[in-house]
Amino acid sequence: NYIKKIKRIENLGELVQLEELSLSNNVIEKIENIGHLKCLRVLNLSHNQIEKVENIASLSKLEVLNLSHNRISLLPYRIFKQLQRIRKLDVSHNNIAEIKQIRDLRLLGNLQD
């Protein structure tokens, strides 16, 4: 039985009340087409091929974000300023170049150990 891996995030247009989305273990390269998911609390995009953290600033209810095991090299802090409810953030096993970028996330007051 062959299961095709997802390459693009698409066809979520009518799922505006969606609270949890897991698209882990696919071949997604870009975070896109999720900005309208205003109720989203949990987003798991681990084990993909994502290089940039983008198009998530409008997800103001997001509490858990898993971007581990991707190809991310930069964490744009400006995006996380919008996501004040984040309490769990996993960016392990990426190519993040500077530890300073991680330290800047301490300003997110809801982050848990």
Side-chain angles (χ1 to χ4, degrees):
N1 204 5
Y2 177 73
I3 298 176
K4 189 174 181 183
K5 293 204 176 233
I6 297 170
K7 293 181 180 180
R8 281 191 80 207
I9 302 172
E10 55 189 355
N11 300 321
L12 301 176
E14 300 199 11
L15 301 174
V16 294
Q17 298 299 316
L18 191 68
E19 292 186 12
E20 295 188 22
L21 177 62
S22 180
L23 293 171
S24 62
N25 296 296
N26 283 290
V27 290
I28 297 168
E29 295 179 359
K30 185 175 182 180
I31 302 172
E32 59 187 345
N33 301 320
I34 60 170
H36 67 288
L37 302 176
K38 305 294 185 195
C39 295
L40 202 62
R41 293 182 306 102
V42 177
L43 178 59
N44 182 355
L45 294 173
S46 64
H47 296 271
N48 276 287
Q49 297 175 8
I50 297 167
E51 295 182 5
K52 285 178 74 175
V53 179
E54 59 187 345
N55 302 319
I56 62 169
S58 64
L59 304 176
S60 60
K61 293 189 177 180
L62 201 61
E63 297 175 8
V64 177
L65 178 59
N66 187 343
L67 295 171
S68 65
H69 298 272
N70 276 287
R71 298 177 177 174
I72 298 166
S73 60
L74 179 67
L75 282 179
Y77 181 67
R78 280 175 266 127
I79 288 176
F80 292 103
K81 276 186 174 179
Q82 309 290 331
L83 303 175
Q84 291 298 311
R85 292 190 182 188
I86 292 256
R87 57 185 172 77
K88 292 192 181 195
L89 172 66
D90 189 347
V91 290
S92 63
H93 302 280
N94 276 286
N95 300 320
I96 298 171
E98 294 183 38
I99 295 296
K100 179 186 179 293
Q101 296 167 331
I102 304 274
R103 282 196 307 253
D104 286 344
L105 295 177
R106 73 185 181 282
L107 299 175
L108 291 176
N110 291 325
L111 275 183
Q112 298 175 347
D113 290 332

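We count residues from 1, following the sequence as given. Any value given below was found using the heavy atoms of this structure, including those in side chains, with hydrogens, waters and symmetry copies removed.
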Looking at Glu10, I'd like to know if its CD atom is crowded, meaning that more than 12 non-hydrogen atoms belonging to other residues, nucleotides or ligands lie closer than 6.0 Å. yes

Run the side chain to side chain contact (heavy atoms under 4.5 Å, CB included) test on Glu20 and Arg41 for me, step by step, so that the C-alpha distance in whole Å, both residues' side-chain angles and the decisive distance to 0.1 Å come before the verdict. CA-CA 6 Å; Glu20 295 188 22; Arg41 293 182 306 102; 3.7 Å; yes

Distance col, row Leu37:CG vs Ile9:CD1, nearest 0.5 angstrom, shows 9.5 Å

Distance-only, no hydrogens or angles: does the Ser68 side chain make a donor-acceptor pair with backbone N or O of Asp90 under 3.5 Å? no

Any donor-acceptor pair under 3.5 Å linking the side chain of Asn70 with the backbone of Leu45? yes

Working to the nearest 0.5 Å, report the span between CG of Leu23 and CG of Asn48. 7.5 Å

Side-chain heavy atoms nearer than 4.5 Å, only ILVMFWY residues, links allowed to pass through others: does that put Leu59 and Val64 together? no

I'd like to know whether Glu29 forms a side chain to side chain contact (heavy atoms under 4.5 Å, CB included) with Arg71, so could you lay out the CA-CA distance, the side-chain angles of the two residues, the decisive distance to 0.1 Å, and finally the verdict. CA-CA 9 Å; Glu29 295 179 359; Arg71 298 177 177 174; 5.8 Å; no

Candidate pair Ile72 and Val53, rule side chain to side chain contact (heavy atoms under 4.5 Å, CB included), full reasoning: CA-CA 7 Å; Ile72 298 166; Val53 179; 3.8 Å; yes

Give me the atom names and distance for the closest heavy-atom approach of Ala57 to Gln82. O-CB, 3.4 Å

Flag yes if Val42 and Val16 sit in one hydrophobic cluster, no otherwise; membership is Ile, Leu, Val, Met, Phe, Trp, Tyr, and two members link when side-chain heavy atoms are under 4.5 Å apart. no

To the nearest 0.5 Å, what is the distance between CG on Leu83 and CD1 on Ile56? 5.0 Å

Enter the distance from Leu21:CG to Leu40:CG here, rounded to the nearest 0.5 Å. 6.0 Å

From Ser22 OG over to Asn44 CG, what is the distance, rounded to the nearest 0.5 angstrom? 4.0 Å

For the residue pair Lys30 and Glu54, establish whether any side-chain heavy-atom pair is separated by less than 4.5 Å. yes

When clusters are formed by joining ILVMFWY residues with side-chain heavy atoms under 4.5 Å apart, either directly or through shared neighbours, do Ile96 and Ile50 land in the same one? yes

For Asn94, give me all partners under side-chain hydrogen bond (donor to acceptor under 3.5 Å, both in side chains), at least two apart in sequence or on another chain. none

Can you see which heavy atom on Ser58 is nearest to which on Gly35, and at what distance? OG-O, 3.0 Å

Supply the atom-to-atom distance Gln49 CD to Ile28 CD1, rounded to the nearest 0.5 angstrom. 9.5 Å

Are Leu43 and Leu15 linked, directly or through other ILVMFWY residues, by side chains that come within less than 4.5 angstrom of each other? yes

Do Leu12 and Asn33 come within less than 4.5 Å of each other through their side chains, counting heavy atoms only? no

Tell me if a side-chain donor or acceptor on Lys5 pairs with a main-chain N or O of Asn25 at a distance below 3.5 Å. yes

Lys61 and Lys38: side chain to side chain contact (heavy atoms under 4.5 Å, CB included), yes or no, with the steps? CA-CA 7 Å; Lys61 293 189 177 180; Lys38 305 294 185 195; over 6 Å; no

How close do Gln17 and Cys39 get, counting heavy atoms only, and between which atoms? OE1-SG, 3.6 Å

Indicate yes or no: does Glu63 engage Lys88 in a salt bridge with an N to O separation below 4.0 Å. no

